[in-house]
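Structure first, commentary second.
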Number of protein chains: 2
Amino acid sequence: MKKKTTTLKDVALACGVSSTAVSLVLNHKPSNLSEKTKQLIHDQALALGYRPDPTARSLATKKTNTIGVLIPDISNAFFSEAVRHIQIELSKYGYDMFLCNSEEKYANDLKYLELLISRNVDGLIVTMSAESLTDNHQASIQSMLRDSKIPYVLFDRFYEGDASKVFVDNETSGYELTKHLIDNGHHHIGVITGPLVLNSSRDRLKGVMKALNEAGLHINPEHIVTGFYDMETGRLGGKKLLNQVSAIFAFNDLQAFGVIETAKQKGIRIPEDVSLVGFDDIFYSAILETKLTTVRQPIYEMSQALSNLLMKMVKDINHHEVIRCPAALIVRDSVKNIKS
Amino acid sequence: MKKKTTTLKDVALACGVSSTAVSLVLNHKPSNLSEKTKQLIHDQALALGYRPDPTARSLATKKTNTIGVLIPDISNAFFSEAVRHIQIELSKYGYDMFLCNSEEKYANDLKYLELLISRNVDGLIVTMSAESLTDNHQASIQSMLRDSKIPYVLFDRFYEGDASKVFVDNETSGYELTKHLIDNGHHHIGVITGPLVLNSSRDRLKGVMKALNEAGLHINPEHIVTGFYDMETGRLGGKKLLNQVSAIFAFNDLQAFGVIETAKQKGIRIPEDVSLVGFDDIFYSAILETKLTTVRQPIYEMSQALSNLLMKMVKDINHHEVIRCPAALIVRDSVKNIKS
DNA sequence: TTGTACGCGTTATCAC
DNA sequence: GTGATAACGCGTACAA
């Protein structure tokens with residue numbers, strides 16, 4: 001009833017060679033052993049069911065074959081989908097994933113980052129909580145990451161600086177969505193944003209402004225309502241904006257849902273009375289009564305880029321890259337052409 | 001520019017004591033050192049920023065402080081929510097989580113289980129893919145788990161046998177939901193199930209039958225449509241069942257959405273023309289046009305039970321437990337009382 | 001009571 | 001070219 005773990009020495013003994021030889025052969029390192037011996041070693045290793053102990057290997061190599069992933073909320077569909085792809089990609093490289101949730105809390109970012117670093121992960125994929133992107137918190141996270149000497153790439157949200165990052169082209173998408181509204185004759189546009197500490201919200205807003213400027217249009221500052229990326233903010237935005245504008249640009253689909261709910265309560269129809277666009281293209285947006293026009297983030301491509309980039313950085317600590325991914329405009333039924 | 005890792009010896013040296021002493025003190029093991037020395041050690045450890053190397057510790061203790069979590073699909077809201085809570089709970093015990101997705105594939109179950117086991121995780125939380133619960137695959141997974149000698153607990157889905165498991169009381173919930181329908185005057189009920197290899201579907205069906213029997217009712221076998229836990233199955237079920245029955249019990253909310261879509265296409269109103277209940281209470285069910293009556297799985301409680309149980313098993317390999325969690329009936333607007 | 005020495009399983013260094 | 005041997009950093013039995 002003993003734990004019968006076959007060790008390197010066992011294989012060496014069975015083959016009548018040194019354990020060094022076994023190690024070299026099994027790791028496919030250049031060695032000057034006869035083909036015959038090599039084969040013998042492989043055979044014996046297989047026969048004995050030898051499995052290198054990853055712990056011992058880590059101790060010797062200083063590599064854990066593990067990537068730490070820190071995100072704000074795994075129950076958010078965007079992140080769960082991303083995590084899914086990241087895990088699949090990483091496993092192709094032989095890496096496992098430690099997953100942590102910050103619950104959008106700065107304190108948790110700190111705690112889990114600390115944990116992952118002390119675990120000696122080989123790399124880090126980080127989406128900070130909104131809290132951590134605040135001026136007074138940013139620096140500590142940033143220095144923690146830098147001081148760890150562990151390669152890391154920022155995902156989706158980031159601070160200014162030269163860190164590697166992967167994110168969607170929020171500005172262009174914001175521009176395109178707004179232009180789509182304008183092209184459909186909408187001159188009075190309301191906007192519901194997320195937290196402006198997030199680059200995603202800031203950049204989307206930049207895109208909105210750019211499109212407006214190009215068309216010689218202006219936005220009433222009161223028609224920009226700022227909040228969080230949730231339904232409640234959408235409800236609030238709806239209350240302020242409905243009956244004031246001909247089209248609403250919600251910075252994510254969840255907010256758009258809130259607008260829809262409020263509109264229904266007020267007896268305002270979409271898109272007959274007011275047009276609406278969202279951002280993210282989450283599952284439910286496509287099965288809504290009036291399907292939502294929105295933007296789809298290329299989650300799979302981003303996850304792949306993320307993993308590839310990190311793997312490069314693991315190999316070459318000096319590698320550095322900033323990847324901006326284009327998103328796709330998904331035109332559905334929530335915008336009405338009011339031209340003429 | 002060297003890697004400056006403070007080691008146990010460094011602390012010992014700084015304190016002028018043996019590394020044994022430091023090890024004992026820092027691990028809060030009983031030792032007969034003077035309080036003063038203990039304090040000194042703690043102070044020096046802090047001052048030097050000493051962090052025990054988890055890898056070296058693992059090699060010595062044969063414990064990795066890591067739990068492997070294998071689930072079929074992290075992008076499924078039920079599982080992502082569960083994973084979120086599991087991670088939080090485990091971190092309270094000082095454990096990290098390796099997360100793997102089988103994508104509902106037997107081959108991946110095998111691959112990732114192998115991986116997690118070879119990683120020497122201290123425990124395993126497993127939700128098998130539907131494929132793996134098939135008669136010809138079940139045994140290999142089961143023996144793999146058993147042979148690993150690693151404590152594991154099955155979550156949500158399971159095979160017959162005496163493994164530890166945590167799952168929702170599907171039969172009772174199926175019974176309650178059906179009784180709710182019957183109490184509202186529905187005698188012609190249609191059912192849309194998931195794969196019958198899953199205990200969840202089998203048990204829900206049992207509950208349905210029990211409620212029907214008690215009421216002296218019968219179900220037309222043609223009114224039981226079997227498929228997967230997805231929208232498409234709901235659409236199919238809708239096509240077969242609508243206009244045939246007065247109420248439909250979809251075995252999950254996603255299927256219910258499919259029914260709703262089909263009903264809308266056919267101009268059939270819910271609940272005026274047909275009543276509908278689902279299962280799971282996913283986020284969207286509460287923001288639907290007509291909010292769905294369904295059952296809420298106690299995800300948080302289950303995740304907590306899961307983690308607690310596994311921790312017990314890690315401490316005592318002989319510990320064994322089967323936990324069936326009661327779910328809550330969520331009555332909303334999708335069932336019409338047609339009595340009288 | 002304190003400290004020494006060895007084991008954990010692997011990789012890597014260096015004499016031969 | 002090959003094979004002892006020393007790390008890697010921590011825990012622990014055992015000797016002093």
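Below, chains carry the letters A, B, ... as their sequence lines are ordered, and counting in each starts from 1.
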inquiry  = Mind checking if A:T20 touches a base, just sugar-phosphate, or nothing, with heavy atoms under 4.0 Å?
reply    = base
key: Test side-chain contact (heavy atoms from CB on, under 4.5 Å) applied to A:E81 and A:I86, A:I299, A:N76, the passing residue   = A:I299
ask   = A:D122 side chain to A:N65 main-chain N or O, any donor-acceptor pair under 3.5 Å?
value = yes
query = Could you state the CG-P distance from B:L26 to D:dG9, rounded to the nearest angstrom?
reply = 16 Å
inquiry  = Can a donor-acceptor pair be found, under 3.5 Å and without considering hydrogens, that links the side chain of B:N199 to the backbone of B:F158?
reply    = yes
key: Boundaries of the DNA chain C segment in contact with chain A, non-hydrogen, under 4.0 Å   = C:dG9 to C:dA12
key: Under-4.0 Å side-chain N/O to phosphate OP1/OP2 contact, B:R57 with D:dG9   = no
request  = Output every pair passing salt bridge (charged side-chain N to carboxylate O under 4.0 Å, His left out) with a member in residues 155-165 of chain B, not counting sequence neighbours, ordered by first then second residue.
outcome  = B:E104-B:R157
query = Has the side chain of B:S80 got a donor or acceptor atom that lies under 3.5 Å from a matching backbone atom of B:S75?
reply = no
Along DNA chain C (nearest heavy atom to each residue), the more 5'-positioned of A:S19 and B:S19 = B:S19
task = Look at the aromatic rings of B:F79 and B:F155 and report parallel, tilted or perpendicular, splitting at 30° and 60°.
result = perpendicular
request  = Have a look at B:V17 and say if it touches a base, only the backbone sugar-phosphate, or nothing, with a 4.0 Å heavy-atom cut-off.
outcome  = sugar-phosphate
query = Does OP1 or OP2 of D:dC10 have a side-chain N or O of B:T7 closer than 4.0 Å?
reply = yes
query = B:L48 has an atom CG; how far is it from atom P of D:dG9, in whole Å?
reply = 15 Å
Closest-nucleotide 5' rank along DNA chain D - winner of B:L59 and B:L24 = B:L59
A:L8 CG to D:dA7 P, straight-line distance once rounded to whole Å = 19 Å
message = For a quick check of understanding: with a heavy-atom distance under 4.0 Å over all strands, which category does B:S23 fall into, base, sugar-phosphate or nothing?
response = base
